[in-house]
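Inspection log for the structure reproduced underneath, given as structure tokens.
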Amino acid sequence: MDCALILLYTVLGTVMGALLSMIPALHVYNICGIILIAWYATPEIIPMVALPAFFMSLLVSYSIINTIPSMFFGAPDESAVFVVLPGQKYMLQGRGFEASILTGVGSLAAIVIIVLLTPFVFYPMKYIKNIVGQNLAWVMLLFITYMLMSEWPKGGGLGKTRFQKFKWAWANLIAGLSTFALAGFMGFIIMNKTMVPLNMSFQGIMPVFVGFFAVAGIIQNLISKQKVPPQHISKSIDVDGKLIAKSTLAGTIGGGLAAFIPAVTGGIGGLVAGHATAQRDDRIFVMSQGVSKTVYYVGSFLFFFVPFYMLSRGGMAILMKPIFTPDTVYDYYRILAVVMISGALSFLLMFPLTKFAIKLITKMDYHVVLWIALVIVLVIVYGLMGWSGMFLMTVATGIGLIPALFHARKSNAMAVLLVWMTLSMAGHGEAVLKFFRLY
Amino acid sequence: MEEKSERREDQIKMDAGREFPEEVMCPSCGKFVGAYEKCPYCGTELKKRISIVFFKRSAIVVALGGLFLLWLTATHLKPTLIKINEITPFYNNAVVEVEGKVISTKMKKKDDISFLLDDGTAELKCQAFRGREKMKSTGNLPHAGDTVSVIGQINITDKWGTSMMINVPSNVKVTPVKAEKVKIGEITVEDKNKLVEVVGEVVYVRDSRGNKFISIGDITGRIDMPLWKSDIKRVRDKKKVEEVSTKGNELRVIGSIDEYRGNPQIQVRDIEEIEVLKEDTIPTRKIPNYKGARRKMEKVLSEMPPALKKAETEADEKPITTY
């Protein structure tokens, strides 16, 4: 009976996740927060035994299907940024369908890798965790250093005068560093003061992320006046086993790092992986970002189910921690089965949904879709958080627009979590708060 | 010029039926440039687009101005004071203030502390992984019985329940409970959990597996004062431990009364708080051996036949008659 329930809610979660993922700017963590609120009010809607499976299937389908609105309607979350840039190239060439399926293949490969890495997660991982756990602050500092240092070198020097050349060369570099600094400062404030209603604290950071990535991304797409060319629905994709292997390796490194290190998300992991493996082929890049995204989202939640250490990484684990504790190793195997079923279903759903998206953008102006998404997001933020949430979202939008409009990396906005967590783990959080008079 | 406009037309034709506004096309090479103000392909400066300039400036103003307002609000915002029983699963990650009495404290590692707080509505475990020394140096180290106001982040898990994480140790404010100065002989098992201050001389010391079983006494009586291995390990000044466990030294001790096998004993609040007195005010020979005498008496009484025991107790109760 339990197995039947779990299967039912896996399929339900996959379908629901797939459909909701098609709405640009709507993040799976926002959806899960709303579902949790409904579940607390009426726990009968999802039985406890099927709750983890339902949320995992939502997550799996989001990680796979979300590429579609990212590619055709804009980039709603920072992990999608790297999919979009080369993916947009494909889209502008009329090969958006191919790019979408390429990321889907990458996501499917990620599911296989996740299953194959199970023995590694159970055995060597606990030793790695013990070593890294004590030095997490240094590891995160390493990521911060990498993010900032990789802003250099930037191309530039266009202009007639020296000042123009200097301005051209430094504009987006300063934009990237400023985004990091402003987001980091915002993180000090929101991580130490509850600026949203107390009964919404469990999603307290939601308006900030919505502002950084969703609203800023929508505005960026609205003003770019990009036109989508007619898309060709191909019957095959140009990949081979070697390509899949290379992209899986790159994506697993990036997504794995993002899944394990706190506050390091898919976009940052993808950046590291891209540089580490130095892949030149656009197909490898597009596919590896699909791998990275799925490994990050699914892997971070999967760690929660390893009974020895129950790592809570990623928003989903933090949402689930108050209501569920995995007891035995069978919880892990059960959720692994959910991942596989949901992954396969989501990949199959990718085909009709991509075709639907292509039809939609050819039949109607996709800016209308963006406006609808913007309204939905504003309603959600205001409905859950009120004016305080709207204020946070507005400030975050301002910060999120800086990298969007000055052509810097949006992943620098992750400083909102990274900087505070690093300083706090290193024991210097209080000194910084004292300096800014925040306690 | 003609070449350039031809190139531009070709570009437009190449875009297969798409029509782009003039402002997003480079007038020189005819390529799509989107939001750029300078063509990334040929470097031509584009006619400034009002919407882009407006959004760029607005973004900077909103980001800087909004952040300043946010900071200003945050500096004046006090965390909400709540009752522990008000906490729901939605309060996870909320930064709040709680006030209550400390039931017990635990200090495991070098600089951490956790304590159980009761505000009259429920109990809440508060913990700080860092900052115990800081709390101590500011006189805000909580002990059992103290009234505490603490600001921290609510952390709710299914496995460990609800707890509060103290990220900023300075946010712990302690109103210490006053220890009652008593003579050792006045302490009974009815005083359990009471916080007392006593002065006594070390009369007995026994080491057992890292624990120290010490007895201190004054002229009114003597009492056990065990020092546990985990507490001894945390003491930084090892000389203090030696002094406290040296026979003949006089100590001022603050601790709570506990009971063991029917006898009262003192659970020391903090070993580092024990004061080794320089002056010898207690005459050693006058410290009674009450504990030993009581045990012997109890043993004799337990071995007496019941009738004799009854006669003995009746004799004790009978008033003394003088003739």
Side-chain angles (χ1 to χ4, degrees), chain A residues 36-37 40 92 94 158-159 168 178 182 185-186 189-195 198-202 204-205 216 219-220 223-230 310 312 318 320-325 391-392 394-395 397-402 404-407 424 427 429-430 433-434 436-439, chain B residues 15-21 23-24 32 34-36 38-40 43 45 49 51-52 55-56 58-67 69-71 73-75 77 79-80 82 86 88-96 130-131 134 151 153-159 162 167-171:
Chain A
L36 261 180
I37 292 169
Y40 277 120
L92 291 171
L158 292 175
W168 177 257
S178 312
L182 293 172
F185 182 61
M186 193 171 187
I189 298 171
I190 58 167
M191 298 298 277
N192 290 283
K193 300 272 179 176
T194 301
M195 312 283 290
L198 272 183
N199 59 354
M200 280 294 136
S201 307
F202 76 112
I205 204 155
I219 293 173
Q220 182 193 10
I223 62 176
S224 77
K225 294 190 168 55
Q226 177 72 277
K227 294 268 183 188
V228 179
M310 260 177 71
S312 44
I318 293 168
M320 283 298 289
K321 246 174 40 168
I323 47 178
F324 175 77
T325 307
F391 176 56
L392 283 175
T394 309
V395 177
T397 303
I399 298 173
L401 276 173
I402 293 174
L405 297 175
F406 289 92
H407 316 295
S424 179
E430 188 178 347
L433 289 179
K434 208 171 177 178
F436 289 117
R437 292 169 49 200
L438 283 170
Y439 82 100
Chain B
D15 291 332
R18 282 186 298 167
E19 282 177 21
F20 289 100
E23 58 196 359
V24 300
F32 176 81
Y36 281 95
K38 193 176 275 208
C39 177
E45 276 197 26
R49 295 169 57 190
S51 58
I52 294 290
F55 277 103
K56 276 184 173 177
S58 302
I60 293 170
V61 166
V62 168
L64 294 174
L67 212 50
L69 276 174
L70 195 64
W71 171 76
T73 312
T75 51
L77 191 70
T80 312
I82 62 165
E86 290 171 15
T88 68
F90 298 122
Y91 277 44
N92 200 13
N93 300 322
V95 175
V96 293
R130 253 187 208 96
K134 173 102 188 195
I151 296 170
Q153 193 170 35
I154 300 292
N155 188 21
I156 302 172
T157 61
D158 181 55
K159 191 170 183 182
T162 306
N167 293 319
V168 181
S170 309
N171 280 336

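The figures here come from the full heavy-atom set of this structure, side chains too, leaving out hydrogens, waters and symmetry mates. A quick note: this is a predicted structure, and the numbers were derived from the prediction, not measured. Below, chains carry the letters A, B, ... as their sequence lines are ordered, and counting in each starts from 1.
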Shortest non-hydrogen contact between B/N93 and A/S201, atoms and distance
CB-O, 3.9 Å
Considering all heavy atoms, the nearest A/L438-A/K193 contact:
O-CE, 3.2 Å
Interchain contact, A/I205 with chain B, by part (heavy-atom threshold 4.5 Å):
neither
Nearest heavy-atom contact between B/V95 and A/N192 is CG1-O, 3.5 Å
Measure A/M191 against the heavy atoms of chain B and call it side chain, backbone, both or neither at under 4.5 Å.
backbone
About how many Å separate CH2 of B/W71 and CZ of A/R437, when rounded to the nearest 0.5 Å?
5.0 Å
Which atoms of A/I37 are under 4.5 Å from chain B, going by heavy atoms: the side chain, the backbone, both sets, or neither?
both
All heavy atoms of B/I156 vs all of B/N92, minimum pair found to be N-OD1, 3.0 Å
Heavy-atom cut-off 4.5 Å, strictly under: side chain, backbone, both or neither for A/I189 against chain B?
side chain
Heavy atoms only: give me the nearest B/P169-B/R130 pair and the separation to one decimal.
CG-O, 3.4 Å
Checking heavy atoms, do the side chain of A/I323, its backbone, both or neither come under 4.5 Å from chain B?
backbone
Let's test your reading of the structure: which of B/L67, B/L69, B/V62 forms the most heavy-atom pairs below 4.5 Å with chain A?
B/L67
If one checks every heavy atom of B/T88 against chain A at 4.5 Å, the contacting part turns out to be neither
What option among B/A63, B/G131, B/S58 has the most heavy-atom pairs under 4.5 Å with chain A?
B/A63
Relative to chain B, which segment of A/M200 carries a heavy atom at a distance below 4.5 Å: side chain, backbone, both, or neither?
backbone
Can you tell me which of A/M320, A/K434, A/M186 forms the most heavy-atom pairs within a distance under 4.5 Å of chain B?
A/M186
As an exercise: rank A/L198, A/L401, A/I399 by heavy-atom pairs under 4.5 Å with chain B and give me the winner.
A/L198
Checking A/T194 side chain against B/A94 main chain: does a donor-acceptor pair fall under 3.5 Å?
no
Could you look at B/I151 and say if it's the side chain, the backbone, both or neither that has a heavy atom under 4.5 Å from chain A?
neither
In terms of heavy-atom pairs under 4.5 Å with chain B, the winner among A/I402, A/T394, A/T397, A/L182 is A/L182
Which region of A/F391, side chain (C-beta onward) or backbone (N, CA, C, O), has a non-hydrogen atom less than 4.5 Å from a non-hydrogen atom of chain B, or is it both or neither?
side chain
Mutual orientation of the aromatic rings belonging to B/F90 and A/Y40 [parallel < 30°, tilted 30-60°, perpendicular > 60°]:
perpendicular
Non-hydrogen atoms of chain A under 4.5 Å away: do they reach the side chain of B/V61, the backbone, both or neither?
neither
Closest heavy-atom pair, A/F406 versus B/I60, reported as atoms and distance to 0.1 Å, is CZ-CD1, 3.8 Å
By a 4.5 Å heavy-atom criterion (distance strictly below it), what part of B/L64 contacts chain A: side chain, backbone, both, or neither?
side chain
